[in-house]
Asker: 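One structure coming up, written as structure tokens, with questions to follow.
These values consider heavy atoms only, across backbone and side chains, with no hydrogens, waters or symmetry-generated copies.
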Amino acid sequence: MHIFYGKAALIDFLKSVKTTHSTIGFVPTMGALHQGHLALMQKSLLENENTVVSIFVNPTQFNNPEDLAKYPRTLEEDVKKLTALSSKIILYAPTVEDIYDGQPVSQSFDFDGLENQMEGKFRPGHFDGVGTIVKRLFEIVEPTNAYFGEKDFQQLQIVKKMVAKNNLKVNVVGCPIYREPNNLAMSSRNERLSAKEREEAAIIFKTLNIAKEKFMSKSATLVSEWVQQSFEKNPMFTLEYFVIADEATLLPSLRKNKNKKYRAFIAIVVNNIRLIDTISLN
């Protein structure tokens, strides 16, 4: 497996393997790889001649310094997982200096309001950081296809918006959420949960499924009130938000329209660890 720690060497290598008709698949990650990440890579390997994976814990998308400090960094174990998956993977594991040239600051983006909903309300500046790093990685790798998990559905929509507004020639591919046996959405943050917390966190997806069922006959307001009351009865978890939104605009749904697609989004906190999940409602 080819491993690069600097962008100059990676760019030169990609130029050497690129042909007129070959494609480059790209899976950007922050490491602590799990089966969800590997599923994205498997899809890329199937659909492209070359697959680049990046591992970089991006400082500009963390508004909480403690969260950044505690984010798992497991490069050695990640390399083993990638090697076992495929020797064809091209790994880019840069330093902050290599990515930001000594200035780890975010660009300012206008995502047409997508950035002001849900995660944006609770993590100021987060999506400017996401836009900055994804745009920078796209400029370095120049991928044909880029793969993102739908667990971070808001991020997926924002990346698509950034690509469209900057006229980048990248096809952004959303991929289904990969779940643990108890249906907890796979996340690198799950590694910070105790065994009991991880087991009890099954309530997140269970709640989403019941909310989906209720949404068939009840309003978004009534469903949201039910979710709020459910978590008030469970002292282990703090509900940060539950929102039923229009999939396209991410604006909260006030009344149903049969021509629109709706999605429920949830964020909970357990022992200072944030977990998010989402489900399509129709």
Asker: Enumerate the residue pairs fulfilling salt bridge (Lys or Arg N to Asp or Glu O under 4.0 Å) with a member in residues 136-161, sequence neighbours excluded, ordered by first and then second residue.
Answerer: Lys18-Glu142, Asp112-Lys161, Lys135-Glu139, Arg136-Glu139

Asker: Under the 3.5 angstrom rule, does the side chain of Ser106 hit a backbone N or O of Gln61 as a donor-acceptor pair?
Answerer: no

Asker: Treating Gln117 as the side-chain partner and Pro252 as the backbone partner, does any N or O pair qualify as donor plus acceptor under 3.5 Å?
Answerer: no

Asker: Taking atom CD1 as the centre, does Ile210 end up with more than 12 heavy-atom neighbours from other residues, nucleotides or ligands that are less than 6.0 angstrom away?
Answerer: yes

Asker: Side-chain contact, heavy-atom cut-off 4.5 Å: Tyr178 with His34?
Answerer: no

Asker: Backbone N or O of Ile273 within a donor-acceptor pair of the Asn271 side chain at under 3.5 Å?
Answerer: no

Asker: Which residue pairs satisfy the ring-ring contact (aromatic ring centres under 6.0 Å, His included) criterion with at least one member in residues 74-118, sequence neighbours excluded?
Answerer: Phe109-Phe111

Asker: So Phe56 and Pro28, do their side chains get closer than 4.5 Å, heavy atoms only?
Answerer: no

Asker: Would you confirm whether Thr23, through its side chain, and Thr144, through its main-chain N or O, come within 3.5 Å as a donor-acceptor pair?
Answerer: no

Asker: Go through it in stages, so that I can follow the logic: the residues are Glu180 and Asn190, the test is side chain to side chain donor-acceptor pair (under 3.5 Å), and I'd like the CA-CA distance, side-chain angles, deciding distance and then a yes or no.
Answerer: CA-CA 10 Å; Glu180 298 193 1; Asn190 294 357; 3.0 Å; yes

Asker: Less than 3.5 Å apart, which donor and acceptor atoms pair up between the side chains of residues 211-223 and the rest of the protein, not counting sequence neighbours?
Answerer:
{"residue": "Lys212", "atom": "NZ", "partner": "Ser280", "partner atom": "O", "Å": "3.3"}
{"residue": "Ser219", "atom": "OG", "partner": "Leu222", "partner atom": "N", "Å": "3.2"}

Asker: Taking ring pair (Phe, Tyr, Trp, His ring centres under 6.0 Å) as the test, write out the residues that go with Phe4, two or more places apart.
Answerer: Phe13

Asker: The criterion is side chain to side chain contact (heavy atoms under 4.5 Å, CB included); which residues satisfy it with Thr29, sequence neighbours excluded?
Answerer: Val27, Leu33, His37, Met41, Val53, Ile55

Asker: Are the side chain of Asp277 and the backbone of Ile266 linked by a donor-acceptor contact shorter than 3.5 Å?
Answerer: no

Asker: Looking at Ala202, is its backbone amide N or carbonyl O close enough to the side chain of Asn183 to form a donor-acceptor pair, meaning the two atoms are under 3.5 Å apart?
Answerer: no

Asker: Taking salt bridge (Lys or Arg N to Asp or Glu O under 4.0 Å) as the criterion, tell me which of Arg123, Arg274, Lys121 meets it with Glu240.
Answerer: Arg274

Asker: With the side chain counted from C-beta on, respond yes when Lys256 and Ile244 share a heavy-atom pair under 4.5 Å apart, and no when they do not.
Answerer: no

Asker: Just wondering, are more than 12 heavy atoms of other shown residues or ligands nearer than 6.0 Å to NZ in Lys70?
Answerer: no

Asker: For residues 227-239, which side-chain donor-acceptor pairs fall under 3.5 Å, sequence neighbours excluded?
Answerer:
{"residue": "Ser230", "atom": "OG", "partner": "Trp226", "partner atom": "O", "Å": "2.9"}
{"residue": "Asn234", "atom": "OD1", "partner": "Met236", "partner atom": "N", "Å": "3.2"}

Asker: Hey, does Val270 have a side-chain heavy atom less than 4.5 Å from the side chain of Ile268?
Answerer: yes

Asker: Are the side chain of Asn182 and the backbone N or O of Leu184 linked by a donor-acceptor pair below 3.5 Å?
Answerer: yes

